[in-house]
Amino acid sequence: MALYYEEPIALERGEGRTVWDAEGNTYLDFFGGILTTMTSHAQPEVVAAVQEQAAKIMHSSTLYLIEDQIALAEEVAELSGIPDAKVFLTTSGTEANELALLLACTARRSNQVLAMRNSYHGRSFATMGITGNRGWSASSLTPVNVHYVHGGYRYRSPFRELDDDAYIAACVDDLRDVLATQTAGDVACLVAEPIQGVGGFTHPPDGLYGALAEVCREHGILLVSDEVQTGWGRTGDRFWGYEHHGYTPDVLTFAKGIGNGLSMGGVVARAELMDSVTANSISTFGGNPLTCAGARANLRVLRRDDLPGNARKQGELLAQRLHEAVEPLACVGDVRGKGLMLGVELVRPGTGDPGEPAPELTSKVLEATKGRGLLIGKGGLHGNVLRITPPLSVTAEETERGAAALADALAEAGASA
């Protein structure tokens, strides 16, 4: 198991966007437990809902009706944008993506799957099989037959020099070529993250997945939007990342932010797809009374306080400060993202364009931000991308403070590059 920092820290408690470690040090949290602390640490309404439910009953399994599960599923189905939707609740994003594959492959009677290069969809057998990031693929064995297409990672793409329209056209041509030359013609689905999370917060021009969706529809291929990291307004204003691309998926998966730390995930799909799996099914832990009570309270806070709108506002401010900070730094190759999901890709100066990845500098920045009381993440295919994802309730003052700490850390790393 990987741990951050040369001297790892144990987080003991949190409040708002602030956390304390076991030694009493205080940090501004700009990673949120891998994009999971969505509203805030110790959010009072979520805490109260969990406490109240824990005093009643924490577990029953889905062999019994769970009223909060039904109410949550109805709300998520409405928010999803998918017509005639059904919802199945799980314990994680990995489990949700497993179910999405099961639905698509069962409905289409095919184990052929399209996925994006540089993608990440989980650490189980099937989801690892559709992960297009070598660092997270432990085995070449897989129950599905996977073909990878271009488009999700623009900075290092062979099409990177093209403008938006030409880039999208090139990726569409690539998809058509893959379908014509590499598949047997009965592909089950295309699975895509609107913004590639573990891959380093990479994303294509808006509209790419809508264009790929048009090709998929021609062939009856189902569309799965992996919203485990992008969901619930993280990208700013819109609830889902797919909404930036002008299409509606057949299946949507979610997790992380909805539970605000509780183990909650799920799948939304058109009823005919959800009903295609006719075998008996139950869930021991998915959507249990405790997580559903907390998730419903969390979603109420998110919507009442318009946190997706705040994500856009604070994300724009943070992006502006980052662009100002990196302008003189030769070690920064790219600043990208949407809303409060921002990435900074570090490169070795003088190594051309796009530049050789600099994972050693990424580790230095991580240590430097920790020393300045700021927690951020890292990722990317080469481990050279800083991931910045504060809770969606972050204030302007905290945004400025976090940006200043990150700017200082980047300048320090840049001086040593």
TODO: Report yes or no: do His244 and Thr235 form a side-chain donor-acceptor pair below 3.5 Å?
DONE: yes
Task: Note, Arg372 side chain near Glu412 side chain (heavy atom, < 4.5 Å) - done: yes
Task: Side chain Asn118, main chain Gly199, donor-acceptor under 3.5 Å - done: yes
Open item on the list: Does Ile9, at its CD1 atom, have more than 12 non-hydrogen atoms belonging to other residues, nucleotides or ligands within less than 6.0 Å?
Closed with: yes
Task: Heavy-atom closest contact (Ala297 atom, Ala49 atom, distance) - done: CB-CB, 3.7 Å
TODO: Kindly say whether Thr131 contributes a backbone atom to a donor-acceptor pair with the side chain of Ser137 at under 3.5 angstrom?
DONE: yes
Task: Side chain to side chain, Lys364 and Ser416, heavy atoms closer than 4.5 Å - done: yes
Open item on the list: Less than 4.0 angstrom from a charged side-chain N to a carboxylate O is my criterion; do Asp164 and Arg154 meet it?
Closed with: yes
Open item on the list: With no hydrogens and no angle check, just 3.5 Å: does a side-chain donor-acceptor pair link Asn310 and Asp305?
Closed with: no
Task: Check: Lys313 and Asp306 side chains under 4.5 Å, non-hydrogen atoms - done: no
Task: Exam field: side chain Arg321 to backbone Thr399, donor-acceptor pair closer than 3.5 Å - done: no
- [ ] Can you see which heavy atom on Thr91 is nearest to which on Phe285, and at what distance?
- [x] CG2-CB, 3.7 Å
Open item on the list: Quick one: does any side-chain atom of Ser110 pair with a main-chain N or O of Asp186 as donor and acceptor, under 3.5 Å?
Closed with: yes
TODO: I would like to know whether Lys378 and Ser363 meet side-chain contact (heavy atoms from CB on, under 4.5 Å); could you show each step before the answer?
DONE: CA-CA 8 Å; Lys378 66 176 179 178; Ser363 296; 3.5 Å; yes
- [ ] Establish, from distance only, whether the side-chain atoms of Glu316 and Gln320 form a donor-acceptor pair under 3.5 Å.
- [x] no
Open item on the list: Can you confirm whether the side chains of Thr230 and Glu227 place a donor and an acceptor under 3.5 Å from each other?
Closed with: yes
TODO: Would you mind reporting whether Val344 and Val365 have side-chain heavy atoms less than 4.5 Å apart?
DONE: no
Open item on the list: Are Val251 and Met274 packed together at the side-chain level, in the sense that at least one heavy-atom pair is separated by less than 4.5 angstrom?
Closed with: no
Open item on the list: For Val113 and Cys105: C-alpha separation, side-chain torsions, deciding distance, then whether side-chain contact (heavy atoms from CB on, under 4.5 Å) applies.
Closed with: CA-CA 8 Å; Val113 173; Cys105 291; 4.3 Å; yes
Task: Exercise: do Thr202 and Gln196 side chains pair donor with acceptor under 3.5 Å - done: yes
Open item on the list: On a heavy-atom basis, which atom in Val215 and which in Leu179 lie closest, and how many Å separate them?
Closed with: CG1-CD1, 3.9 Å
Open item on the list: Could you go through Gln112 and Asn145, starting from their C-alpha distance and side-chain angles, then the distance that decides it, and tell me whether this counts as side-chain contact (heavy atoms from CB on, under 4.5 Å)?
Closed with: CA-CA 5 Å; Gln112 293 190 102; Asn145 185 355; 4.1 Å; yes
- [ ] Decide, yes or no, whether a salt bridge links Asp250 with Arg108 under the criterion of side-chain N to carboxylate O below 4.0 Å.
- [x] no
Task: Arg156 vs His382, side-chain contact (heavy atoms from CB on, under 4.5 Å): CA-CA, chis, key distance, verdict - done: CA-CA 11 Å; Arg156 294 188 182 277; His382 306 285; 4.3 Å; yes
Task: Leu114 side chain reached by Leu175 side chain, heavy atoms, under 4.5 Å - done: yes
Open item on the list: Just verifying a value: how many Å separate His41 NE2 and Arg13 CZ, rounded to the nearest 0.5 Å?
Closed with: 12.0 Å
Open item on the list: Can you tell whether the side chains of Asp353 and Arg160 come within less than 4.0 Å, N to carboxylate O?
Closed with: yes
Task: Where Arg296 and Ala71 come nearest, the two heavy atoms and their spacing - done: CZ-CB, 3.4 Å
TODO: Enter the distance from Leu28:CG to Glu397:CD here, rounded to the nearest 0.5 Å.
DONE: 8.0 Å
Task: Enclosure of Glu327 CD (heavy-atom neighbours >12, cutoff 6.0 Å) - done: no
Task: Pair Glu218 + Arg176: basic N to acidic O under 4.0 Å - done: yes
TODO: Answer yes or no: is there a donor N or O on one side and an acceptor on the other, between the side chain of Thr369 and the main chain of Leu366, under 3.5 Å?
DONE: yes
Open item on the list: Given 3.5 Å as the limit, does a donor-acceptor pair link the side chain of Arg387 with the main chain of Gly197, or not?
Closed with: yes
- [ ] Might you work through the salt bridge (charged side-chain N to carboxylate O under 4.0 Å, His left out) test for Asp21 and Lys370, ending with a clear yes or no?
- [x] CA-CA 11 Å; Asp21 69 16; Lys370 174 195 170 191; over 6 Å; no
Task: Basic-acidic side-chain contact under 4.0 Å: Glu345, Arg336 - done: yes
- [ ] Of all the heavy-atom pairs spanning Asn288 and Ile66, show the shortest one and how long it is.
- [x] CA-CD1, 4.3 Å
Open item on the list: Tell me if a side-chain donor or acceptor on Thr39 pairs with a main-chain N or O of Leu302 at a distance below 3.5 Å.
Closed with: no
Task: All pairs passing ring-ring contact (aromatic ring centres under 6.0 Å, His included) where residues 152-176 contributes a residue, at least two apart - done: His150-Phe159
Task: Non-hydrogen side-chain atoms of Leu342 and Leu322 separated by less than 4.5 Å - done: yes
Task: Parallel, tilted or perpendicular: rings of Trp240 and Phe254 (30°, 60°) - done: tilted
Task: Leu89 CG to Gln69 CD distance, which is reported to the nearest 0.5 Å - done: 5.0 Å
TODO: Give the minimum heavy-atom separation between Leu273 and Ala107, together with the two atoms involved.
DONE: CD2-CB, 3.6 Å
Open item on the list: With no hydrogens and no angle check, just 3.5 Å: does a side-chain donor-acceptor pair link Ser124 and Glu98?
Closed with: yes
Open item on the list: Check whether His245 reaches the backbone of Gly210 with its side chain - one donor and one acceptor, N or O, closer than 3.5 Å.
Closed with: no
- [ ] With the side chain counted from C-beta on, respond yes when Leu290 and His59 share a heavy-atom pair under 4.5 Å apart, and no when they do not.
- [x] no
Open item on the list: Atom CD of residue position Glu324 - does it have more than 12 heavy atoms of other residues, nucleotides or ligands inside 6.0 Å?
Closed with: yes
- [ ] Identify the residue among Leu35, Leu299, Asn298 that makes a side chain to side chain contact (heavy atoms under 4.5 Å, CB included) with Trp232.
- [x] Leu299
Task: More than 12 heavy atoms of other groups within 6.0 Å of Glu78 CD - done: no
TODO: Return yes if some donor-acceptor pair links the side-chain N/O of Arg312 with the main-chain N/O of Pro308 below 3.5 Å, else return no.
DONE: no
Task: Whether Ser225 side chain and Pro249 backbone form a donor-acceptor pair below 3.5 Å - done: no
Task: Side-chain H-bond candidate by donor/acceptor type, Glu95 with Ser92, under 3.5 Å - done: no
